Trainee: 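Next up is a structure, given as structure tokens.
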Amino acid sequence: MRQSWHERFCDSPDVLKSARCDQTVVPVLDAEIGGRDFITMAGPCSVETEFQLMATANHVRRAGARILRGGAFKPRSSPYAFQGHGLAGLQMLARCDVPMVAEYADILQIGTRNMENYTLLEAAARSGKPILLKRGMAATIADFLRSAQVILDNGNPNVILCERGIRTFETAMRNTFDVAAIVLLKQISHLPVIADPSHAAGCRELVPALARIAVAAGADGLLIEVHPNPEKAWSDADQTLNFTEFDDMMASLDPYIALRPQISPREMVSADVMEAVG
Ligand code: PEP
Ligand code: MN
């Protein structure tokens, strides 16, 4: 790695690749994030009802997703938007037909608005659960890596970095998908990197193409919003895929995923277990 990267990211030395660590693989029950498999996490933006969650879980699992996502505590841009069911949402996730749930979720997601909430990061780290850390919408890559370092410093090595788009002068899309960040993070950090094209795009028509770009950029996985009836979703309706759109996207990813060993040489393994993320 270039010496200048070491200098630029000197506040987060433990997240950078080193002779000691070239790649962290985050185990989540039977899945491995950052390992040989490309991992798709999919589900609704917010947990709404048991029907919505069960229907989505069953569908995305059949289509190849390995991890179910669903938000329960959701700080939103608008104080008048649905903020999530809180504990009740987590309890719905735990009742899903997935092989797991010692507690309520197997991965804790830190949203973009909380990336620099160090008190929260410390508490999340101490839970011992894998942490899916989303890039702050106005965070530089150095800021992002510093937050990951805080989690590592608190004794939790299982951090998954998530590029979800950043704010730029461009307003046509909800965010600007920083695909170069994925490429750079994969070169300099040993932590797994996943992409969230749903929040990056803000509109469902762009999600499949951005997902394919993320695979080509070397991402270890995807986070995709899916709902049985996106028009009726209580949050992020515009960017959410319906089941058919999700199936089509997954099929379109296959040739890109098949090229991954050339992008970053890894053997392929398989397992069909789904876990929950909340
Ligand atoms: C989400 O994943 O639903 C979410 C709110 O994401 P972000 O924090 O990236 O906006
Ligand atoms: Mn969302």
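Numbering of ligands and ligand atoms starts at 1, following listing order. Everything quoted here is computed from the prediction, not taken from an experiment.
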Trainee: Does Cys45 have a heavy atom less than 4.0 Å from any atom of ligand 1?
Mentor: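 Judged by the 4.0 Å heavy-atom criterion, Cys45 does count as contacting ligand 1.
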Trainee: So if I count the atoms of ligand 1 from 1 in the order they appear, which ones are less than 4.0 Å from some heavy atom of Arg113?
Mentor: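 Answer for ligand 1: 8 (O), 10 (O).
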Trainee: With no hydrogens and no angle check, do the side chains of Asp247 and Thr244 hold a donor and an acceptor under 3.5 Å apart?
Mentor: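 Asp247 vs Thr244: no donor-acceptor pair found between side chains.
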Trainee: Work out the angle at the Mn ion (ligand 2) between SG of Cys45 and NE2 of His199, rounded to 10°.
Mentor: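 That angle works out to 170° after rounding to 10°.
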Trainee: So which heavy atom in the protein is nearest atom 4 (C) of ligand 1, and how far is it from that ligand atom?
Mentor: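 Closest protein heavy atom to atom 4 (C) of ligand 1: His199 NE2, 3.3 Å.
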Trainee: State whether a side-chain donor-acceptor pair under 3.5 Å links Gln149 with Asp14.
Mentor: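 Yes, side-chain donor-acceptor contact under 3.5 Å.
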Trainee: Go through ligand 1 atom by atom and flag the ones less than 4.0 Å from a non-hydrogen atom of Glu225.
Mentor: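 Near Glu225, meaning under 4.0 Å from one of its heavy atoms, ligand 1 has 1 (C), 3 (O).
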Trainee: Distance under 4.0 Å to a non-hydrogen atom of Gly111: what atoms of ligand 1 satisfy this?
Mentor: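 Heavy-atom distances to Gly111 below 4.0 Å select 8 (O).
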Trainee: Which part of Lys74 is near ligand 1, with near meaning a heavy atom under 4.0 Å away: side chain, backbone, both or neither?
Mentor: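 For Lys74, the contact with ligand 1 is made by the side chain alone.
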Trainee: Between His59 and Phe243, what is the ring plane arrangement, given parallel below 30°, perpendicular above 60°, and tilted in between?
Mentor: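 His59 and Phe243: parallel rings.
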Trainee: Only N/O/S atoms count here: what is the atom of Asp236 closest to the Mn ion (ligand 2) called?
Mentor: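 The Asp236 atom nearest to the Mn ion (ligand 2), restricting to N, O or S, is OD2.
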Trainee: Can you find a heavy atom in the side chain of Asn158 that is under 4.5 Å from one in the side chain of Pro27?
Mentor: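 Sidechains of Pro27 and Asn158: in contact.
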Trainee: Does ligand 1 have an atom that lies less than 4.0 angstrom from a heavy atom of Arg76?
Mentor: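 Checking ligand 1 against Arg76, which is what was asked, there is no heavy-atom contact under 4.0 Å.
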Trainee: Answer side chain, backbone, both or neither: which part of Met137 comes under 4.0 Å from ligand 1, heavy atoms only.
Mentor: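 It is neither part, as no heavy atom is under 4.0 Å.
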Trainee: Hey, does Arg69 sit under 4.0 Å from ligand 1 if you only count heavy atoms?
Mentor: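 Yes, Arg69 has a heavy atom closer than 4.0 Å to ligand 1.
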Trainee: Quick one about Arg204 and Ser198 (side-chain donor to acceptor, distance below 3.5 Å, no hydrogens or angles considered), yes or no?
Mentor: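 Ser198 vs Arg204: no donor-acceptor pair found between side chains.
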Trainee: How about Thr24 and His190: does a side-chain donor come under 3.5 Å of a side-chain acceptor?
Mentor: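 There is such a pair between these side chains.
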Trainee: Which is the closest N/O/S atom of Glu225 when seen from the Mn ion (ligand 2)?
Mentor: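 Result: OE2.
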Trainee: Assign the ring pair Phe82 / His85 to parallel, tilted or perpendicular, where the plane angle (0 to 90°) is split at 30° and 60°.
Mentor: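 Perpendicular: the ring planes of Phe82 and His85 meet at over 60°.
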Trainee: Quick one: does Thr56's side chain have a donor or acceptor within less than 3.5 Å of a partner on Pro44's backbone?
Mentor: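 No, the answer is negative, given that no donor and acceptor are paired below the 3.5 Å cut-off.
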Trainee: Can you tell me how far OG of Ser189 sits from CD1 of Ile141, rounded to the nearest 0.5 angstrom?
Mentor: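 Rounded to the nearest 0.5 Å, the CD1-OG separation comes to 11.0 Å.
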Trainee: Name the closest protein heavy atom to atom 8 (O) of ligand 1, giving the residue it belongs to and the distance to 0.1 Å.
Mentor: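 Ranked first by proximity to atom 8 (O) of ligand 1 is Thr112 N, 2.7 Å.
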Trainee: Taking only heavy atoms of Lys134, which atoms of ligand 1 are found under 4.0 Å from at least one of them?
Mentor: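 In order of number, 1 (C), 2 (O), 4 (C), 6 (O), 7 (P), 8 (O), 9 (O).
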Trainee: Is there a polar contact, in the sense of an N or O pair closer than 3.5 Å, between Asp236 and ligand 1?
Mentor: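 In fact, backbone or side chain, Asp236 has no N or O that close.
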Trainee: Would you mind checking which non-hydrogen protein atom is closest to atom 9 (O) of ligand 1, with the distance to 0.1 Å?
Mentor: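 Here the closest protein heavy atom is Arg164 NE, 2.7 Å.
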Trainee: What I want to check is whether the side chains of Arg135 and Thr112 have a donor and an acceptor closer together than 3.5 Å.
Mentor: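 There is no such pair (donor and acceptor under 3.5 Å, judged by atom type) between the side chains of Arg135 and Thr112.
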